Trainee: 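Here it is, the structure in full.
These numbers were taken from a predicted model, which means no experiment stands behind them.
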Amino acid sequence: MRTLKHYIFTDLKQIVGGGTTIIDCLKWYFIPKGECFPFMVWFRIVWMLKHSKSKYKKVLLAPAYLIFRHFEFKYGIHINTNIDVGEGLHVVHGDGVYLNAQSIGNNVKVYQGVTVGEGANGGIPTIKDNVTLYTNSVIVGAIELNAFSVVGANAFVNKTVNTCEIVAGIPAKVIGTSIASD
């Protein structure tokens with residue numbers, strides 16, 4: 001398992017688009033410039049504590065969770081801390097983001113108003129690497145969003161999206177292909 005520092009720095013790298021230092025981390029934490037970086041820091045702390053085997057886990061988890069809940073309300077974001085979340089998660093804007101998935105891959109970008117959760121027939125989605133979820137999209141059910149897929153704004157997705165597909169509409173339909181980058 002990677003370190004807390006690694007996860008925080010890869011999340012920050014998605015925001016600033018380049019190399020990061022401790023100074024960058026502190027700047028973005030205390031002056032977030034419209035980003036949700038303070039939320040992501042506390043999400044990672046709680047997420048790492050929940051998955052740790054440390055003898056201090058019980059002592060540290062309660063205060064960390066209270067601070068995390070403060071930022072959850074402040075930014076309007078809920079991410080289930082029990083799921084496996086890859087490095088480089090970038091919640092571009094908070095305000096109504098709800099993520100409850102089997103797992104979330106690396107370098108996933110989420111815009112405001114996105115809902116990922118249980119569908120009418122049960123089950124929750126799996127989000128693979130390099131997926132982008134645009135504003136107010138809804139992804140429900142036991143489906144997969146495969147690598148480099150893109151979900152357009154206001155889309156309702158209840159079927160698996162293949163690698164490099166762009167989907168949009170209600171219900172979502174394939175409207176194109178995305179370019180997979182290295």
Side-chain angles (χ1 to χ4, degrees), residues 1-17 20 28 35-52 61 64-65 68-69 71-72 75-119 122-153 155-168 172 178 180-182:
M1 188 172 211
R2 305 217 185 235
T3 65
L4 177 62
K5 179 182 172 186
H6 173 81
Y7 281 107
I8 289 173
F9 275 56
T10 55
D11 290 347
L12 181 59
K13 189 174 182 181
Q14 289 298 322
I15 295 170
V16 299
T20 55
W28 280 92
E35 294 286 346
C36 306
F37 185 64
F39 168 83
M40 290 307 302
V41 168
W42 286 99
F43 168 75
R44 290 297 185 183
I45 290 169
V46 169
W47 183 76
M48 291 290 284
L49 283 170
K50 278 190 157 188
H51 292 86
S52 103
L61 190 57
Y65 191 75
F68 167 68
R69 292 289 290 169
F71 283 111
E72 198 173 46
Y75 289 104
I77 303 169
H78 172 77
I79 303 174
N80 187 336
T81 56
N82 294 321
I83 62 177
D84 185 26
V85 179
E87 57 192 52
L89 178 62
H90 183 191
V91 179
V92 180
H93 302 292
D95 302 325
V97 172
Y98 180 86
L99 302 178
N100 184 26
Q102 290 288 337
S103 64
I104 298 175
N106 298 328
N107 305 316
V108 171
K109 187 178 275 192
V110 179
Y111 288 84
Q112 67 270 19
V114 170
T115 300
V116 175
E118 187 173 344
I124 54 177
T126 299
I127 302 172
K128 303 288 184 165
D129 296 343
N130 302 300
V131 171
T132 302
L133 308 174
Y134 281 103
T135 306
N136 295 327
S137 56
V138 176
I139 298 92
V140 295
I143 64 170
E144 285 189 4
L145 299 181
N146 286 296
F148 297 99
S149 59
V150 176
V151 177
F156 178 80
V157 182
N158 61 354
K159 293 187 172 129
T160 294
V161 178
N162 295 322
T163 302
C164 296
E165 284 185 344
I166 301 172
V167 296
S178 65
S181 60
D182 294 325

Trainee: Which value, rounded to the nearest 0.5 Å, describes the distance between Leu99 atom CG and His78 atom NE2?
Mentor: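 So the gap between those two atoms works out to 8.5 Å.
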Trainee: Test side-chain contact (heavy atoms from CB on, under 4.5 Å) on Thr81 and His51 and set out the steps.
Mentor: CA-CA 9 Å; Thr81 56; His51 292 86; over 6 Å; no
Trainee: Any side-chain heavy atom of Phe39 within less than 4.5 Å of one from Ile79?
Mentor: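 Side-chain contact under 4.5 Å: yes.
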Trainee: Minimum heavy-atom separation for Gly94 to Cys36, with atom names?
Mentor: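 The answer is N-SG, 3.3 Å.
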Trainee: Checking Trp47 side chain against Asp84 main chain: does a donor-acceptor pair fall under 3.5 Å?
Mentor: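 Answer holds: no.
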Trainee: Val116 versus Ile104: any side-chain heavy-atom pair under 4.5 Å?
Mentor: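 Not in contact.
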Trainee: Parallel, tilted or perpendicular: which fits the ring planes of Tyr111 and Tyr134, with parallel below 30° and perpendicular above 60°?
Mentor: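 The arrangement is parallel - the two ring planes meet at less than 30°.
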Trainee: Using atom types as modelled and distance alone, determine if a side-chain donor or acceptor of Asp11 lies under 3.5 Å from a backbone N or O of Leu89.
Mentor: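 Yes.
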Trainee: Just how far is it from atom OG1 of Thr3 to atom CE of Met48, taken to the nearest 0.5 Å?
Mentor: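 That separation rounds to 6.5 Å.
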Trainee: Can you give me the closest heavy-atom contact between Ala64 and Ile45, atom names plus distance?
Mentor: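 Between these two residues, the closest heavy atoms are CB-CG2, 4.0 Å.
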Trainee: How far does NE2 of His90 sit from CD1 of Ile15, to the nearest 0.5 angstrom?
Mentor: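 It comes to 4.5 Å.
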Trainee: Fit a plane to each ring of Phe68 and Phe43, take the angle between them on a 0 to 90° scale, and name the class: parallel (under 30°), tilted (30 to 60°) or perpendicular (over 60°).
Mentor: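 Judged by the thresholds at 30° and 60°, the geometry between Phe68 and Phe43 is tilted.
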Trainee: Of all heavy-atom pairs between Val151 and Ser137, which one has the smallest distance, and what is that distance?
Mentor: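 Between these two residues, the closest heavy atoms are CG1-CB, 3.6 Å.
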Trainee: Counting C-beta onward and ignoring hydrogens, is there a side-chain heavy-atom pair between Ser103 and Ile83 closer than 4.5 Å?
Mentor: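 No; the side chains remain at least 4.5 Å from each other.
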Trainee: Between Ser178 (side chain) and Phe148 (backbone), is there a donor-acceptor pair under 3.5 Å?
Mentor: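 Yes, because the side chain of Ser178 sits within donor-acceptor range (under 3.5 Å) of the backbone of Phe148.
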Trainee: Using the side chain to side chain contact (heavy atoms under 4.5 Å, CB included) rule, pick out the option among Ile124, Thr126, Val157, Asn158 that qualifies with Ile143.
Mentor: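 Only match with Ile143 under side chain to side chain contact (heavy atoms under 4.5 Å, CB included): Val157.
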Trainee: Would you compute the distance between atom CD1 of Ile127 and atom CG of Asn106 and round it to the nearest 0.5 angstrom?
Mentor: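 Ile127 atom CD1 to Asn106 atom CG measures 12.5 Å (nearest 0.5 Å).
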Trainee: Mind listing the closest non-hydrogen atom pair of Tyr7 and Arg2 along with its distance?
Mentor: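 Where Tyr7 meets Arg2 most closely, the heavy atoms are CE1-CB, 3.5 Å.
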Trainee: Quick one: which of Asn82, Asn80, Thr115 gives a side-chain hydrogen bond (donor to acceptor under 3.5 Å, both in side chains) with Asn100?
Mentor: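 Option passing the side-chain hydrogen bond (donor to acceptor under 3.5 Å, both in side chains) with Asn100: Asn80.
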Trainee: Measuring from Gln14:CD to Phe9:CZ, what's the distance to the nearest 0.5 Å?
Mentor: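 Atom-to-atom, Gln14:CD and Phe9:CZ are 14.5 Å apart.
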Trainee: Quick one, Asn146 with Thr160, criterion side-chain contact (heavy atoms from CB on, under 4.5 Å). Give me CA distance, side-chain angles, the key distance, then yes/no.
Mentor: CA-CA 8 Å; Asn146 286 296; Thr160 294; 3.7 Å; yes
Trainee: With a cut-off of 6.0 Å (strictly less than), are more than 12 heavy atoms of other residues, nucleotides or ligands near NZ of Lys50?
Mentor: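 It does: Lys50 NZ has more than 12 such atoms within range.
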Trainee: Specify the closest pair of heavy atoms between Gly117 and Pro125, including all atoms of both residues, with the distance to one decimal.
Mentor: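 Of all heavy-atom pairs spanning Gly117 and Pro125, the closest is O-CD, 3.3 Å.
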Trainee: Once rounded to the nearest 0.5 Å, what's the spacing between atom CZ of Phe156 and atom CD1 of Ile139?
Mentor: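 Atom-to-atom, Phe156:CZ and Ile139:CD1 are 9.5 Å apart.
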